[in-house]
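What follows is one structure encoded as structure tokens, with my remarks underneath.
Predicted model only: the values in this text are computed from it and were never measured. Chain naming here is simple, since letters A, B, ... match the order of the sequence lines and numbering starts at 1 in each. Computation of the quantities below employed the complete heavy-atom set of this structure, encompassing side-chain atoms and omitting hydrogens, waters and symmetry-equivalent molecules.
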Number of protein chains: 2
Amino acid sequence: MNCLLKMRAMREQLSVNERKLADFILDNTQLLRDYSSSQLADAVGVSQSSVVKFSQKLGYRGYPSLKLAVYESYAGAGIANDEDHSRHLGQANSPLSTLGQKKLEVLENTVNINESEQLSAAIQAIRSARCIQVSACAGSVSVARYLTHQLLELGCWAVFDEGGQLQHKIADSLRDDDLLCILCDFGGEESLVEVANRAREHGVKVLSLTRYNYNAASIHSDIRLYVVPSEDDEALQRLLFRSAQLHVIEGLISGLLEG
Amino acid sequence: MNCLLKMRAMREQLSVNERKLADFILDNTQLLRDYSSSQLADAVGVSQSSVVKFSQKLGYRGYPSLKLAVYESYAGAGIANDEDHSRHLGQANSPLSTLGQKKLEVLENTVNINESEQLSAAIQAIRSARCIQVSACAGSVSVARYLTHQLLELGCWAVFDEGGQLQHKIADSLRDDDLLCILCDFGGEESLVEVANRAREHGVKVLSLTRYNYNAASIHSDIRLYVVPSEDDEALQRLLFRSAQLHVIEGLISGLLEG
DNA sequence: AAATTTTTGAATAATTTATTCGTAATTCGA
DNA sequence: TCGAATTACGAATAAATTATTCAAAAATTT
């Protein structure tokens, strides 16, 4: 049972010194952490033996047990009362945790927007594809590279044309059991839409991961995954966008791993 | 700092008996609650004084301090597993949210382990470097590429030798106002340590991002950043590891953006 | 292989915790 | 209000736990 609550509940039935101890502990819970029984006794102005007897009266073996119980009770309350999540991603000051906050928000939105059928479909499509072509807009090149790398590591035949000069040629060589993955931001890039259309002419399945809005690339796809952008300044927004793209891709990869 | 993580990280540099103690505590954390130093000693099969010395080696005043720290650390870990969080990363069933859970845990640990001074130092070092060489072990190649790409986008002179055949040559051409970034998993890769040493001979600053343990690459660095690995099966662990590496790198990038 | 350092545990010192016991305070019943 | 019974309290001390010392053993370096 919660030790601090017990203390408050029993307060009325306690003797003078015991009440002094209870009050002190309730007021200075965090101090107890580094107090020995005699230090506590001194702080409260009672004898060391009274501290021990108090502990036993509350039902503990002795002072160390009480101390641990108080600590447990205190820590538990801290977690329960914690409204925001700042603690969970580290000390407030760390550059990592500020970013962590924003990231969490974007990821949350991104996770929510993607229907699990589309995700499963994407995983299934990757798994059953003979070859996979990855195409990306300028801002998503690094993400595309990452995806390609991971696919290759998993034993999928994946190709990404860094420069983009060859992507039309490559698309022309795809067959109907292949897959085209399009990664882009706004989804309006003409060349990507062009690649998608050419591929579809050959019966190729198209998977897109774009910003969550009405966009050409997404419309011309069979499987549509989205990223919900943040509302920060441009540079940070791009960072968070890529981060969310990566998260979706990691989701796909881990899905492929499980299979 | 998280006591159980510290224990795991230091495991390699501990002596036989100390390792026995660490392993026992890591495996039977909850037992510690009601163990005295000599009970623990008996359970593990070492002397009581060894327990005390172990506590002190980890940086605590003595056994009671260690015990409290372990307890704190254990209770803290519960936060990551808290159901409460499932809400924040979407519906429980989605493939993305399951991954999100694990990711959150790894990221949390990673955020906690990196001291903000090291992060600030890293950001400062990147900002003031003339040229930046990125070197990576096989498993971190895709992350290294990502980092290089982002650095270039920010206007930093960054080079990454994909194959690794040229990295020694490149390191030799670095000057004392340059920076070497090492990304690796276990940190034991000889060629990377070699590159680090060569670079340091020229007075180059070395920044490492490695697994959080006692490792050669980290030791030979001026600025040390870490990733706390998960305890999943190998494939997923690698995925989560890269993900956490990316998070740290995104932290650096966003720091550079703010500057 | 010798020298140095590190590790280890038995013995013991120091500290902390628990109990005993006598006195003081409080409660209860007339 | 007074004394008897009960309870509270703390000084002294016992018991237990924790920390240190030191010498032997093991590991590491030279």
Subject >> Residue among B:Lys57, B:Gln13, B:Lys53 satisfying side chain to side chain donor-acceptor pair (under 3.5 Å) with B:Glu18 >> reply: B:Lys57
**OP:** Check every nucleotide of DNA chain D for an atom under 4.0 Å from a heavy-atom of chain B, then give the first and the last such nucleotide from 5' to 3'.
**Re:** D:dT18 to D:dT21
**OP:** Would you indicate what B:Lys67 reaches in the nucleic acid, counting non-hydrogen atoms under 4.0 angstrom: base, sugar-phosphate, or nothing?
**Re:** nothing
Original post:
When you match A:Gly45 and B:Ser38 each to their closest nucleotide on DNA chain D, which lands nearer the 5' end?
Top reply: A:Gly45
**OP:** Describe the nucleic acid contact of A:Lys57 in one word from base, sugar-phosphate, nothing, applying a heavy-atom distance below 4.0 Å.
**Re:** sugar-phosphate
Subject >> Axis deviation across the helix from C:dA1-D:dT30 to C:dA30-D:dT1, five-pair ends, to the nearest 10° >> reply: 30°
**OP:** Encode nucleotides 18-27 of chain C as B, S and - characters from 5' to 3', where the letter depends on protein heavy atoms closer than 4.0 Å: B to the base, S only to sugar-phosphate, - to neither.
**Re:** BBB-------
Original post:
To the nearest 0.5 Å, what is the distance between CG (B:Leu192) and NE2 (B:His220)?
Top reply: 12.5 Å
Subject >> Geometric class of the A:Tyr35/A:Phe24 ring pair [parallel <30°, tilted 30-60°, perpendicular >60°] >> reply: parallel
**OP:** Report the residues that fulfil side-chain contact (heavy atoms from CB on, under 4.5 Å) with B:Ser142, sequence neighbours left out, ordered by chain and then residue number.
**Re:** A:Tyr146, A:His149, A:Gln150, B:Arg145, B:Arg242
Original post:
About how many Å separate CG of B:Leu256 and CD of B:Gln124, when rounded to the nearest 0.5 Å?
Top reply: 9.5 Å
Subject >> Distance in Å, B:Phe160 CZ paired with B:Ile132 CD1, rounded so as to fall on 0.5 Å steps >> reply: 14.0 Å
**OP:** Starting from P on C:dT16, measure out to CD on A:Gln39 and report it in whole angstrom.
**Re:** 7 Å
Subject >> Those residues that, when tested against B:Ser140, pass side-chain contact (heavy atoms from CB on, under 4.5 Å) (two or more places apart) >> reply: B:Ala136, B:Cys137, B:Leu183, B:Gln245
Original post:
Judged by atom type as modelled, is there a donor-acceptor pair below 3.5 Å linking the side chain of B:Arg130 to the main-chain atoms of B:Asp177?
Top reply: no
Original post:
Which heavy atom of A:Tyr60 sits nearest a heavy atom of A:Ala69, and at what distance?
Top reply: CE2-CB, 3.5 Å
Original post:
Do any pairs count as a side chain to side chain donor-acceptor pair (under 3.5 Å) and have a residue in residues 199-208 of chain B, sequence neighbours left out, and if so which ones?
Top reply: B:Arg200-B:Asp222, B:Ser208-B:Ser221
Original post:
Would you find more than 12 non-hydrogen atoms of other residues, nucleotides or ligands less than 6.0 Å from A:Glu105 atom CD?
Top reply: no
**OP:** Take the protein atom CG of B:Leu21 and the nucleotide atom C1' of C:dT8, then report the distance between them rounded to whole Å.
**Re:** 12 Å
